[in-house]
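Numbers restart at 1 for each chain; the letters A, B, ... are given by sequence-line order, proteins then strands.
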Amino acid sequence: MSVKHNEQAKAILFEKFGFTEYREGQEEAIASALQGNHSLVMLPTGTGKTLCYQLPSYILEGTTLIISPLLSLMEDQVEKMKSNGEKSVVALNSFLTYSEKSQILKRIADYKFVFISPEMLQQSSVIERLKSVMIGLLVVDEAHCISQWGMDFRPDYLKLGEVKSRLGNPLTMALTATAVDKVREEIIKVLDIKDNLNEVIYPVDRPSIQLRIKQCRNNKDEELLSALDELKGPGIIYFTSKRLADKTAELIRAEKGIRAESYHSDLTKEDKRKIQSQFLADKLSIICATSAFGMGIDKPDIRFVIHYHLPGSPEMYLQEIGRCSRDRKGGVALLLYEKGDEGIQIRLQQDSLPDKNELSFAYTHSDKLVHLKEDSKTNISRYFINQKIPLEEAWEKISDYQLNKQYQLRTMIEYAVSTGCRRKILLSYFNEEVAVRLNGCCSSCTESLSLPYSPIEPKKIKQNYEKMWQEKVNLLFNL
DNA sequence: CGATCCGTCATTAATGACGGATCGGTGCCTTAAT
């Protein structure tokens, strides 16, 4: 960052955001953008990633376009910015009426910040309008969604590179909290930001979170309830089933008299918002949730995250447990594991990928594919057909994809059953080492874990990224 | 894998036992036809 930019940024940091100091990683990310580099920013949850793109926007010319995965996230950000005095901000999404939308599109260049979904960016009226706008910075928030959702769930995430190119390849910043090197490579490839790229990477480890695993034998509810005798909220309990989330919230209310509610995709937008804001305002102590809950939850004092079911990947697990102890004052991640729990995940994985017959059927009937519903098998087939990738090659890639998912799940099983340091297992997946061995690290390192647990998190950058991950996958191929 | 849902059958006609089928998680966006 030039001296002039540096001073200017510092002044804005104070005037617009009220801070005198940067938090870890922020200054590097801001400098990267101001030097005109594309950036891939990976900072642990709760370290202020929004400032990384908002601050340089005030120095850069033109509009900042922020691609965001969730409408609720956009709405929260817009509201927050408005209450901080920023008027020139808008979210372009399906909450708007037709006339509102066209009004906003007409004067889109007047806005400094525009939030938008990947899907909305596929509408030709929108993209045509944006092409005539000077985009000073293109931001991809929660960029791991490209890899996590792109292939089977939200295919428009994989079209962001094309969008960027149609917008004239503006300066780009991708932000995430958890991405292994392979995911980062995919983000870089999809967005096509390899040239002039600056990676700002911080470790994913959260030493202030204690890692506990409880082996269960047909007594999960009892183990859960007794854990709640020790662990006091606010807290989140994650499930892989909506029905069980509902049922358990009821159980906790009845047995413990704790204010608990469930949260999943069956809830209306209004109920989701209501429960979320009650939780943030400490009117609810526990949320029993599916993976629908959490992104953008910025509550500093969540004290525990319990998993009733095994998550499908270390990424998911870290994202979910990372929601506790944002204030760094200590938190507990507890996994309730019973042999065979991985069955649900195996099933979900298999159901979401086409087998060879289904794929070749899609290839021979590609003309009809347009009319089919948007399930994940169709999405994947459609993706490869649209890319004009030959059938054999597509099948190879799907097999790789499946192997990767299996590897992720296998890591989680190892995490659940191993007798070795659990933090080491989790971090080695991200090619990280346990930086500081703390008393009470995990269920393996300390026989009987107890509260309080509030170590100081070290502030040390670590950047040795070998290609260990690829080696591990290669090993799996040979098995 | 395991739970649960649904239809069928059998038997002191309204329940219950059985087995086969189905489902289990994430969200954008719907401007047309009754």
Side-chain angles (χ1 to χ4, degrees), chain A residues 66-75 91-102 105 115-127 140-142 144-160 163 178 216-218 220-221 236-248 262-269 272-273 288-297 307-313 315-317 319-320 323 337-353 370-371 373-377 379-380 405 408-409 412-413:
Chain A
I66 305 125
I67 300 166
S68 171
L70 301 180
L71 299 180
S72 61
L73 215 60
M74 292 181 205
E75 299 293 316
L92 197 60
N93 60 36
S94 61
F95 286 162
L96 301 168
T97 64
Y98 184 84
S99 67
E100 283 171 335
K101 190 174 153 192
S102 42
L105 276 176
F115 288 82
I116 196 164
S117 69
E119 287 81 6
M120 189 65 95
L121 279 169
Q122 286 302 310
Q123 293 187 7
S124 55
S125 61
V126 172
I127 193 87
V140 183
D141 199 12
E142 309 285 359
H144 59 278
C145 292
I146 290 174
S147 165
Q148 193 179 315
W149 284 349
M151 185 80 85
D152 54 0
F153 184 52
R154 288 179 67 177
D156 291 337
Y157 258 105
L158 291 180
K159 299 179 190 158
L160 289 182
V163 167
T178 36
C216 302
R217 291 190 65 168
N218 210 11
K220 233 180 231 185
D221 285 344
I236 307 172
I237 308 173
Y238 277 105
F239 298 81
T240 313
S241 141
K242 297 182 254 194
R243 196 186 53 83
L244 267 171
D246 287 338
K247 219 171 116 184
T248 310
S262 58
Y263 185 107
H264 50 66
S265 66
D266 285 352
L267 265 55
T268 62
K269 280 197 178 81
K272 280 185 184 172
R273 183 153 288 272
C288 294
T290 62
S291 58
F293 185 76
M295 223 189 271
I297 296 293
H307 279 76
Y308 194 95
H309 291 127
L310 192 70
S313 69
E315 282 93 334
M316 282 291 284
Y317 194 58
Q319 288 270 347
E320 289 171 352
R323 283 161 197 149
Y337 178 75
E338 178 155 2
K339 202 173 166 235
D341 278 358
E342 55 278 5
I344 298 178
Q345 293 297 342
I346 292 171
R347 203 66 227 164
L348 285 173
Q349 283 181 11
Q350 284 175 0
D351 286 354
S352 64
L353 295 171
V370 189
H371 309 292
K373 61 177 179 189
E374 289 234 341
D375 66 11
S376 63
K377 291 181 181 185
N379 281 340
I380 293 173
K405 284 194 164 194
Q408 291 176 326
L409 187 56
M412 284 315 296
I413 297 169

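Across the P atoms, dT34(B) and dC28(B) are found 30 Å apart, a figure rounded to whole Å. Comparing dC29(B) with dG24(B), their C1' atoms sit 25 Å apart, to the nearest whole Å. If you take atom P in dT4(B) and the same atom in dG27(B), they sit 24 Å apart, rounded to whole Å. Using atom P as the reference point in both dT12(B) and dG7(B), the two lie 25 Å apart (nearest Å). Distance noted for atom P between dG25(B) and dC5(B): 13 Å (whole Å). Comparing the same atom, P, in dA17(B) and in dT11(B) gives a spacing of 15 Å after rounding to whole Å.
Closest non-hydrogen pair, Met151(A) versus Ile380(A), comes out as O-CG1, 3.4 Å.
For Glu119(A), the side-chain contact (heavy atoms from CB on, under 4.5 Å) partners at least two apart in sequence or on another chain are Ser117(A), Arg154(A), Asp156(A). Residues that satisfy the side-chain contact (heavy atoms from CB on, under 4.5 Å) test with Gln148(A), not counting sequence neighbours, are His144(A), Met316(A). Residues satisfying the ring-ring contact (aromatic ring centres under 6.0 Å, His included) test with Phe153(A), not counting sequence neighbours, are Trp149(A). Remark: Asp246(A) pairs with no residue by the salt bridge (Lys or Arg N to Asp or Glu O under 4.0 Å) rule, at least two apart or across chains. With sequence neighbours excluded, the residues that form a side-chain contact (heavy atoms from CB on, under 4.5 Å) with Thr97(A) are Ser99(A), Glu100(A).
Atom CG of Asp156(A) is separated from atom P of dT30(B) by 12 Å (rounded to the nearest Å). Per the geometry, CZ belonging to Phe293(A) stands 12 Å off P belonging to dG27(B), to the nearest Å. Rounded to whole Å, atom P of dC23(B) lies 18 Å from atom CD of Gln345(A). Atom CG of Leu409(A) is separated from atom C1' of dG25(B) by 14 Å (rounded to the nearest Å). Rounded to whole Å, atom P of dC23(B) lies 11 Å from atom CZ of Arg347(A). One can place CD of Gln122(A) at 15 Å from C1' of dT30(B), the figure rounded to the nearest angstrom. Between the P atom of dC1(B) and the NE2 atom of His309(A) lies a distance of 16 Å, rounded to the nearest Å. One atom, CH2 of Trp149(A), and another, P of dC29(B), lie 13 Å apart when rounded to the nearest Å.
Take the nearest nucleotide of DNA chain B for Asp351(A) and for Lys247(A): the residue whose nucleotide is more 5' is Lys247(A). Between Ser265(A) and Thr97(A), the residue anchored nearer the 5' end of DNA chain B, judged by the nucleotide with its closest heavy atom, is Ser265(A).
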Checklist entry - So what's the dot-bracket for DNA chain B: Watson-Crick or G-U pairs under 3.5 Å, [ ] if a pair crosses, | if it pairs off-strand? => result ((((((((((....))))))))))..........
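Leu70(A) comes within contact range of the sugar-phosphate backbone alone, with a heavy-atom separation under 4.0 Å but no base atom that close. Contact annotation for Leu71(A): backbone-only contact, meaning every heavy-atom pair under 4.0 Å involves sugar-phosphate atoms and none involves a base. Among the heavy atoms of the strands, none lies under 4.0 Å from Met295(A).
In terms of phosphate contacts, Lys339(A) brings no side-chain nitrogen or oxygen within less than 4.0 Å of OP1 or OP2 of dG2(B). Of the side-chain N and O atoms in Ser117(A), one or more sit less than 4.0 angstrom from OP1 or OP2 of dC29(B). Contact between the side-chain N/O atoms of Arg243(A) and the OP1/OP2 oxygens of dT4(B) is found at a separation under 4.0 Å. Within the structure, every side-chain polar atom (N or O) of Thr240(A) is placed at least 4.0 Å from both OP1 and OP2 of dG25(B). For dG25(B), the OP1/OP2 oxygens have no side-chain nitrogen or oxygen of Ser352(A) closer than 4.0 Å. For Gln123(A), a side-chain nitrogen or oxygen approaches OP1 or OP2 of dT30(B) to under 4.0 Å.
Checked by atom type, the side-chain pair Glu342(A)/Tyr337(A) shows a donor-acceptor distance below 3.5 Å.
A 4.5 Å side-chain heavy-atom check between Asp341(A) and Lys220(A) finds at least one atom pair inside the cut-off.
dT15(B) takes the anti form, because its glycosidic angle lies more than 90° either side of 0. Using a 90° window around 0 for the glycosidic torsion, dA13(B) falls inside it and is classed as syn.
Screening Lys242(A), Lys272(A), Arg243(A) for a salt bridge (Lys or Arg N to Asp or Glu O under 4.0 Å) involving Asp266(A) leaves a single residue, Lys242(A).
Residue Ile344(A) places its side chain closer to dG24(B) than to any other of dG24(B), dG25(B), dG27(B). Of the candidate nucleotides dC29(B), dG27(B), dG24(B), dG24(B) has the atom nearest to the side chain of Leu348(A). Side chain of Phe153(A), nearest nucleotide from dG24(B), dG27(B), dT30(B): dG27(B).
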